[in-house]
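Protein chains get the first letters and strands the later ones, always in sequence-line order, with residue 1 at the start of each.
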There are 2 protein chains.
Amino acid sequence: MIKKISIKDVAKLANVSPTTVSRVINNSDHPVSPETKAAVEKAIKELNFQPNRMAQGLITNRSGIIGIIIHDISDAYFAEIVKGVQEVLFDYDYIVNIYNTYRNVDKELRAVNMLIANRADAVVLTGGTLLDSYYKEKMQQYIEELKSYGSIVIGVTSHPFAIKNIKIGNEYIVKTIYNYLASKGHQKIAYINGPELLSTTQNRFSGYKQALLERKAVINKNLIIKSDFTFMGGRKAALELLDHLGEFTAVIASNDELALGLIWEFKNQGIKVPEDVSVVGIGNNPAAKYSYPPLTTVALPSYQLGVQIGEYIKNSLYSTKVVDDEIEVQVSLIERESVRDLNR
Amino acid sequence: MIKKISIKDVAKLANVSPTTVSRVINNSDHPVSPETKAAVEKAIKELNFQPNRMAQGLITNRSGIIGIIIHDISDAYFAEIVKGVQEVLFDYDYIVNIYNTYRNVDKELRAVNMLIANRADAVVLTGGTLLDSYYKEKMQQYIEELKSYGSIVIGVTSHPFAIKNIKIGNEYIVKTIYNYLASKGHQKIAYINGPELLSTTQNRFSGYKQALLERKAVINKNLIIKSDFTFMGGRKAALELLDHLGEFTAVIASNDELALGLIWEFKNQGIKVPEDVSVVGIGNNPAAKYSYPPLTTVALPSYQLGVQIGEYIKNSLYSTKVVDDEIEVQVSLIERESVRDLNR
DNA sequence: GAACTCATGGAAAACCTTTTCCATAAAGAG
DNA sequence: CTCTTTATGGAAAAGGTTTTCCATGAGTTC
C-alpha cells in the first residue's frame, strides 16, 4: 500500500548502479557520462523519486533540521525572526521547526531535548535566558550535548551558553528612549518592567537605571511598576500609576503590549495621551500603528535579525569559509504620536 | 571530534544486546527483566544517550515531522493555528515545521516537495487554495505523492485535494455579519474584497452576495471594492468609498487588517467611526481591540482549530482507532465599538 | 519425567542512502 | 608497444536503529 521507491528502483530502471544514481543526485565530483546522467534523470522523473532525507542524513550526519525556540509565535517579534531565518534557509533545503515555550522552563528544556534527538544541524535560542537556576544548569548541559553532536547553537539575546551570541542592545534601547523623552522636555519618567525572570527584562531595566544615573535624576520608586509584558499588565500598570499622577510626565513601557495597555487604560480613565502623559514602547508591534494615538516605539529589526541568523547558519553549515562572528543589528526609534513635546 | 553514541555503546556498557536496549527505549511488549531494564536505563543516563531519530525513522517509516504550510506567520490567524497544532503534537514528540509561502505558487510547491523528501508524517495546508491552474495541477500531483508515501494531508479551508477538509464557513461568517448589521438598522452595506486568487476571498464574497439576495437588496457596484487583505489596502478602499459617502452606512471588510486600515483612513479624513459609518472586520486580529474605536469583528477560532488539527493528526498517527472526520469549529461575532445602532 | 509453555535475551537482516575502494577500458606518453 | 593516466562505473561497507526469528532455561501440567 505504501509506496516505496528507492534509489535501487531508479538504478534498475536506468540500468546503472545505485552508486551512479547517488552521484547524479548529489552532483558528485566523480564523473558520470552525459548519457548515463540523462538516463538516470529520466528514471528519476519517471518514478517521481525523492531521495529519503532520513537515509541521507543518517550517513551524512546532517539532518537538515533547524530548530528555533521562541516564547510565542503570536508575538510579532518572534514571528519576524522566524520568517527571516526560514526565508534564507528555505533555499538551502533546510526545514525550520519552531517551539513555542511560553517562557516555560520544562517546555524549553524538552524542546532542546527533542532537537538533540533529531540531531538538528542548528538551533536558535531566542527571547533571552530564563534566569531560573535549575533551568540554567540543565540547559547548559543540553547545549553541550547539542554541540558535541556537531550542532551549532545561536543565542539571540546573550544566551550565555551559545556558540554565537547576537546582542540587541537592550540597555541601549532604553537609554535611547530616555534621552529622546528628555529632549522633548520630560524630566520625570515612569518605567513599566517586564517579567522578572527574563534577561531581557533585566537588561532593559538596567538601561533605565543607567539613564537616570547619567542624567543625575533621582529614582522615584513609585514610578517603577512590576509587570509582565502583556496588554492586561499594561492596563493594571496604568491603574497603579494613577495614584502618582503629578509625579511624572512620561512613561516608558518595556514592550509594546504594555504600552498599548497603558494607553488603553489611560484613555479609559479620561487621561489623555499624549496631552496628559506621554507613552513610549519597545518592539514596534504591528498593532502599535493602529492604536490611538499611534504609539511611538523602538523597532527591533527582527526580520533582519532572522535573516542574519539564517545567513550565519547557512554559511557555517554550507560553506567552508570562516564566518564573521559579529552580527550588527540596527535599532531605530519610530516617532508616532504618543509623545508630547513639552518644549513648545 | 563529533560525538557518536549509539545504541551499541549503551548495550556494551549495560552488558546486553542492542536489541534489549531498543526494547527498553521503546517500552516494547517483549518482556525485559526489571534488573536488565534498570541496567540499561542507567547506561543510557550515564552516556546521555538519545536515540537517533533518523535511524529510527528509516526503519519505522515515520519521520516525526509535521509540515504546515501557511501564507504568513506574522498573521495572527496562522500563528494561532500553528500554535494549536504544535501544542498538541509537542507532547507526542512530533516536530512541526512551517513554511511561509506568502501566497506564492512556487514557494508553496517547493515547500510540499521538501515535505515529500523529508517523508513528513502529516502536512497541513492552510490559507485556502490558490486558484492558479498550474498550481492546482502540480499541487494535486504532489499531494498524491505525499499520500502514496503514507503522509496524511489536511486542508484547512476546503483544499480540494486533501484527505481531510476542515471548513470554516466563510459564507456563513459574512452572512452573520450582514444580518447583525441589518439588525442594527443598516440597509446599505459596502464590502471590501480580498485578493482575487484565493478561495477564502471567493467564499466570503459569495456570502455577501447571498446575504444581499436573501434580503432582496440591490447590488450597488460602487460599494464593492477590490482589495488585498492589507492595512494599506484598507486605507485605499476608504478613499475609494469617499466618493460614495451617502450610499452606505456600514462596511464589511473581508478581514481585520482591511477594517483597521479603513478606520484609520476614515479617521484621517474626518469621518467618524461609528457615528458616520460602521465597520466590521473578520478575524479578531490582536490589533483589533487596540484600535480606536475597538473593532467589531468575527473571531475565527484559529487556535482551537489548530488544536483540533493536532488532535486529528495525533489520532490518525498514534492510535489505531478510527477518527471522526468532522471537525466543528465555532465562529463568534465579537461586538466592540465600531458599529452604530441606527435603531436608537 | 516427558511435553509444554513462558519469560528472557540475542543474532542478523532490513531500512535507504553515501562513500570508499576497486575494476575496466580508452587515451596519452615515452 | 608498454606504461601511466583518466574517465567511467560498480560492489560492498557503513550509518544507527527496529524487527523477525531463534535459543535457552525455568516452571507447569499430566
Side-chain angles (χ1 to χ4, degrees), chain A residues 2-41 43-44 47-65 93 116-121 148-150, chain B residues 2-41 43-44 47-65 93 116-119 121 149-150:
Chain A
I2 283 185
K3 171 170 152 190
K4 313 222 98 198
I5 290 176
S6 81
I7 206 172
K8 284 181 192 167
D9 302 305
V10 177
K12 201 168 289 171
L13 184 60
N15 235 316
V16 297
S17 73
T19 309
T20 303
V21 177
S22 169
R23 295 209 248 255
V24 349
I25 290 173
N26 298 299
N27 237 301
S28 146
D29 285 342
H30 192 101
V32 174
S33 78
E35 301 85 51
T36 15
K37 189 173 173 185
V40 169
E41 276 163 353
I44 289 178
L47 295 175
N48 249 314
F49 169 71
Q50 282 276 13
N52 184 323
R53 280 277 232 158
M54 292 181 279
Q56 292 184 134
L58 192 53
I59 192 161
T60 58
N61 241 313
R62 285 284 166 83
S63 63
I65 293 175
D93 284 346
I116 295 175
N118 279 286
R119 306 291 192 267
D121 291 340
S148 73
Y149 275 114
Chain B
I2 283 183
K3 170 171 154 187
K4 313 222 98 200
I5 290 176
S6 83
I7 205 173
K8 286 182 191 167
D9 303 306
V10 177
K12 201 168 288 170
L13 184 60
N15 237 317
V16 296
S17 75
T19 309
T20 303
V21 177
S22 170
R23 294 208 249 255
V24 349
I25 290 173
N26 298 301
N27 237 299
S28 147
D29 285 341
H30 191 102
V32 173
S33 78
E35 302 85 49
T36 15
K37 189 173 174 187
V40 169
E41 274 163 353
I44 288 177
L47 295 175
N48 247 313
F49 169 72
Q50 282 277 11
N52 184 324
R53 281 278 231 156
M54 292 181 281
Q56 292 185 132
L58 193 54
I59 193 160
T60 58
N61 241 314
R62 284 284 166 84
S63 62
I65 293 175
D93 284 348
I116 295 175
N118 279 287
R119 304 292 190 267
D121 290 342
Y149 275 114

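Residues A:N118 and A:S63 fail the side-chain proximity criterion, which asks for heavy atoms closer than 4.5 Å. Inter-residue side-chain proximity for A:I5 and A:N48 is flagged as unmet; no heavy-atom pair is nearer than 4.5 Å. Contact check for A:I116 versus A:Y149: side-chain heavy atoms found under the 4.5 Å cut-off.
Looking at B:N26, its side chain never comes within 3.5 Å of a backbone N or O of B:S28 through a donor-acceptor pair.
Backbone-only engagement by A:T36 is indicated by non-hydrogen atom pairs under 4.0 Å involving sugar-phosphate atoms exclusively.
Look at CG on A:D29: it is 12 Å from P on D:dA7, rounded to the nearest Å. Separating the CG atom of A:N52 from the P atom of C:dA14 is a distance of 18 Å, rounded to the nearest angstrom. The distance between atom CZ of B:R119 and atom C1' of C:dC16, rounded to the nearest whole Å, is 9 Å. The NZ atom of A:K8 sits 15 Å away from the P atom of D:dG10 (whole-angstrom rounding). In this structure, CZ of B:F49 is placed 8 Å from C1' of D:dG16, rounded to the nearest angstrom. A:N27 places its CG atom 17 Å from the P atom of C:dT17, with the value rounded to the nearest Å. Straight-line distance from the CG atom of A:D9 to the P atom of C:dC16: 9 Å, rounded to whole Å. Regarding A:L58, its CG atom lies at a distance of 12 Å from the P atom of C:dT19, rounded to whole Å.
In terms of phosphate contacts, B:S6 brings no side-chain nitrogen or oxygen within less than 4.0 Å of OP1 or OP2 of D:dG16. OP1 or OP2 of D:dG10 has at least one side-chain nitrogen or oxygen of A:T20 nearer than 4.0 Å. Taking 4.0 angstrom as the limit, A:K4 places a side-chain polar atom (N or O) nearer than this to OP1 or OP2 of C:dC16.
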Which is it for A:K37 and A:R23 under the side chain to side chain contact (heavy atoms under 4.5 Å, CB included) test, yes or no, and what are the steps along the way? CA-CA 9 Å; A:K37 189 173 173 185; A:R23 295 209 248 255; over 6 Å; no
Pairs under 3.5 Å (N/O, protein and nucleotides 18-25 of chain D):
from   : atom 1 : to    : atom 2 : distance (Å)
D:dT18 : OP1    : B:N26 : OD1    : 3.2
D:dT18 : OP1    : B:N26 : ND2    : 2.8
D:dT18 : OP1    : B:Q56 : OE1    : 3.0
D:dT18 : OP2    : B:S22 : OG     : 2.5
D:dT18 : OP2    : B:N26 : ND2    : 3.3
D:dT19 : O4     : B:T19 : OG1    : 3.4

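Between the axis at the start and the axis at the end of the helix from C:dG1-D:dC30 to C:dG30-D:dC1 there is an angle of 40°, using five pairs per end and rounding to 10 degrees.
Atom CD of B:Q56 and atom CD1 of B:I25 lie 7.0 Å apart (nearest 0.5 Å). For the atom pair CE (B:M54) and CZ (A:R62), the distance works out to 10.5 Å, reported to the nearest 0.5 Å. Rounding to the nearest 0.5 Å gives a distance of 11.0 Å between NE2 of B:H30 and OG of B:S22.
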N/O donor-acceptor pairs under 3.5 Å from side chains in residues 10-17 of chain B, not counting sequence neighbours:
from  : atom 1 : to    : atom 2 : distance (Å)
B:S17 : OG     : B:T19 : N      : 3.3
B:S17 : OG     : B:T20 : N      : 3.3
B:S17 : OG     : B:T20 : OG1    : 3.3

